[in-house]
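Let me begin by presenting the structure, written as structure tokens, before commenting on it.
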Amino acid sequence: MAAINSVPIVGGDFDQEILAKTLDHQALNQAAASLYRDRFDNTPGIVYAAGVDHAYNLAQEFRATGIKAEAVSGRTPPVRLAETLAAYERGEINVLINAQLLAEGWNSPRATVCMHLAPTASKRVYQQRIGRIMRIHARKEAGIVVDFVPKGATHNERVVSLHSLLDADFYREGARVTPAPRRRSQRRARRRLTPATWLVPVTPDVRRRVAVIQREWQRVDPRFLDEDEQRYWATMAGRQIRFDERASFVQKLTEGRASKGALEQFLATCAAENPNRRLRMMALQDRVSMRVERADFDDLVTLVTQAPTWEKERLAGIRILMRAIADSKPDAPDQILVRWTWKLARATRKVQDRRASTAYPEAKRLLGALANSRGHRHEENAAKLVRVALEQPIGVGVALLASAEGYTPRATKLIEEARELLGTVQDVALALSENLPAPKAPPSRNRRRRKRKRPGADGAAGTEPNGTPAAAGETTSDGPAKPKRRRRRRKPAGAAAATDGAAAAGSPAEPKADVAAAPPAETAQSEPAS
């Protein structure tokens, strides 16, 4: 495409002489011939070349690969031209290579492939070219157009493509761009191309591109999007991805198709807005496994400590963030790390209090005295608690100081100074995370074993030793089964007459109807594709 962009446009189309010099190379001709052989084999087609010499050189390379190809041009004698076109109709020739000779005034229903080896900047010329393969023919599924342009090229490029001509919103390799015509009483044509699993928006309209990404985010290939569109695509994916889609989506992210910013945006959005708990937890863990900027980590701390979506997984989320601080993943100064660490510890105060009370029985009394005192007595209790916390192991010390709260400036200063004396911020964060419970393993999918029934547990009917129920009156291994007696209730006076009267009235009972929902009628829809 870099070479094509240097070719000037004269009279609404590329300069054919300069275009031929640019494209007529043996390596390019051999690559085009190999592509046609590998993708289409003996499928009838038309190839448009940039000049007469280019057409004959292409025909030579096509024949070298085993394709029955011939070149025609204005130099071809009329008799030879008529014979060549007749041989094409009979199937003796499968590929006709020309330079603007077969653009109009010639029709061949068996022509299926249109390969543009001479790109054009004129929509009129392009429309005439593809019109040669638009004729209906038996067992012909659709016309196949081969454009040599970048897959993510928008409609404002110099080279006209099928999608720019039809103003299509997205490109999907191997799929239909327009609906297939309906045919009656004809055998269904075999599909020659398999549509790709991915697509990319190609319309220059920003709103239509955003609509394609929003509607088809599962199939959009992010490698053809710019940075802003990749972030928008990652946001949509983080909100809507399901748990069973995670493997294929991670493969798309890790194959180099998306930028690092899109990956970070996906993980942050998934951790914040995805409805699946396990996905949120995995996304948070993956996000903090890499280097995290200061603002991003601050958002994660606020999310885990305050968001309603993390109410049931708050302890597990805080444990993940604590371990990230212990591994020096956040890119922030130590004073910010200390503030984050004790903010997270404050959100787990109940668990830290329980941990301190379990390891040190006097912890509950010290914390209660600190919370129930005021003034000078409160400061004395704070000093006593700080002294005990520094004497205990770091796990008990951080639990005590995480549960402590000062009510006066001096008590608050004593507690903050003690927190700094416990160790580095990484050691404190690791100790606080160890005090939190480990996340529970996902429930096993193994089926519960069925309990075996004891012989005779079914009552009077009895059960055979092999589990087969015995009929009433039959003899089992434990002895004859006793028949079950039924009690008959006496009817009150007048009840028999009432019953007979109801029968004589003969009111018909309303019949039960099994209603089965009829399946909706299938509608024939052509696959929108690019």
Side-chain angles (χ1 to χ4, degrees), residues 284-285 288-289 291-292 294 297-298 300-302 304-306 314-374 376-439:
L284 178 65
Q285 196 162 5
V288 298
S289 64
R291 195 69 173 171
V292 187
R294 173 178 174 178
F297 197 87
D298 190 67
L300 293 177
V301 171
T302 305
V304 173
T305 56
Q306 299 181 13
R314 204 174 303 282
L315 293 179
I318 291 176
R319 190 173 190 267
I320 292 174
L321 295 182
M322 288 284 194
R323 288 186 173 272
I325 295 176
D327 295 337
S328 302
K329 296 299 182 182
D331 187 7
D334 287 346
Q335 57 182 359
I336 303 298
L337 295 178
V338 170
R339 180 172 63 84
W340 285 336
T341 300
W342 291 107
K343 181 179 180 179
L344 293 170
R346 181 67 180 173
T348 63
R349 180 178 179 181
K350 292 183 179 179
V351 180
Q352 301 292 345
D353 191 352
R354 194 180 305 117
R355 170 71 174 85
S357 301
T358 303
Y360 183 67
E362 293 294 322
K364 188 174 290 293
R365 185 183 60 82
L366 291 174
L367 292 172
L370 179 67
N372 298 324
S373 59
R374 296 292 184 273
H376 180 68
R377 179 65 64 181
H378 176 74
E379 295 175 354
E380 291 180 353
N381 291 332
K384 187 175 182 181
L385 185 142
V386 164
R387 184 173 64 255
V388 172
L390 294 177
E391 295 173 354
Q392 298 297 321
I394 186 171
V396 182
V398 294
L400 277 172
L401 295 179
S403 305
E405 184 177 2
Y407 298 146
T408 63
R410 185 170 180 271
T412 303
K413 183 179 180 181
L414 288 173
I415 295 173
E416 291 178 353
E417 291 177 351
R419 290 173 177 175
E420 296 178 359
L421 296 175
L422 286 174
T424 62
V425 61
Q426 288 78 15
D427 295 338
V428 171
L430 181 61
L432 287 170
S433 67
E434 293 295 335
N435 292 339
L436 300 178

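Note: hydrogens, waters and symmetry copies are ignored here, and every other heavy atom, side chains too, is used.
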Please output the side-chain donor-acceptor pairs of residues 392-402 that fall under 3.5 Å, not counting sequence neighbours, one pair per line with the distance.
none

May I have the list of side-chain donor-acceptor pairs in residues 323-336 shorter than 3.5 Å, sequence neighbours left out?
from, atom 1, to, atom 2, distance (Å)
Arg323, NH2, Glu434, OE2, 2.9
Lys329, NZ, Ser289, O, 3.3

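Taking the side chain as every heavy atom from C-beta outward, His376 and Thr408 never approach each other to under 4.5 Å. Between Lys384 and Leu366 there is a side-chain heavy-atom pair separated by less than 4.5 Å. Taking 4.5 Å as the limit, every side-chain heavy atom of Asp427 sits out of range of all side-chain heavy atoms of Leu422. Residues Val428 and Trp342 are in side-chain contact: their nearest non-hydrogen atoms beyond the backbone lie under 4.5 Å apart.
Between Thr305 and Val301, the shortest heavy-atom distance links the atoms OG1-O, 2.6 Å. Across Ala347 and Ile318, no two heavy atoms sit closer than the pair CB-CD1, 3.6 Å. What you find for Lys343 and Thr302 is that their closest heavy atoms are NZ-OG1, 4.1 Å. Among all heavy-atom pairs drawn from Arg339 and Asp298, the shortest one is NH2-OD1, 4.0 Å. The two atoms that bring Leu370 and Ala404 nearest to each other are CD2-CB, 3.7 Å, heavy atoms only. Looking at every heavy atom in both residues, Ala418 comes nearest to Leu390 through O-CD2, 3.8 Å.
The distance from atom CG of Leu414 to atom CD of Glu416, rounded to the nearest 0.5 Å, is 10.0 Å. Taking CG of Leu385 as the start and CD1 of Ile415 as the end, the distance is 7.0 Å to the nearest 0.5 Å. Remark: Leu344 CG to Leu432 CG distance equals 9.0 Å, nearest 0.5 Å.
In this structure, Arg374 has no salt bridge (Lys or Arg N to Asp or Glu O under 4.0 Å) partners at least two apart in sequence or on a different chain. The salt bridge (Lys or Arg N to Asp or Glu O under 4.0 Å) search around Arg346 returns Glu405, not counting sequence neighbours. Residues passing the salt bridge (Lys or Arg N to Asp or Glu O under 4.0 Å) test with Glu380, sequence neighbours excluded: Arg377.
Checking side-chain atoms of His378 against main-chain N and O of Tyr407 turns up a donor-acceptor pair under 3.5 Å.
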Query raised in the report: Step by step, would you call Val338 with Arg419 a side chain to side chain contact (heavy atoms under 4.5 Å, CB included)?
Result: CA-CA 9 Å; Val338 170; Arg419 290 173 177 175; over 6 Å; no
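The stretch residues 355-370 participates, sequence neighbours left out, in these side chain to side chain donor-acceptor pair (under 3.5 Å) pairs: Asp353-Ser357, Arg355-Asn435, Glu362-Arg365.
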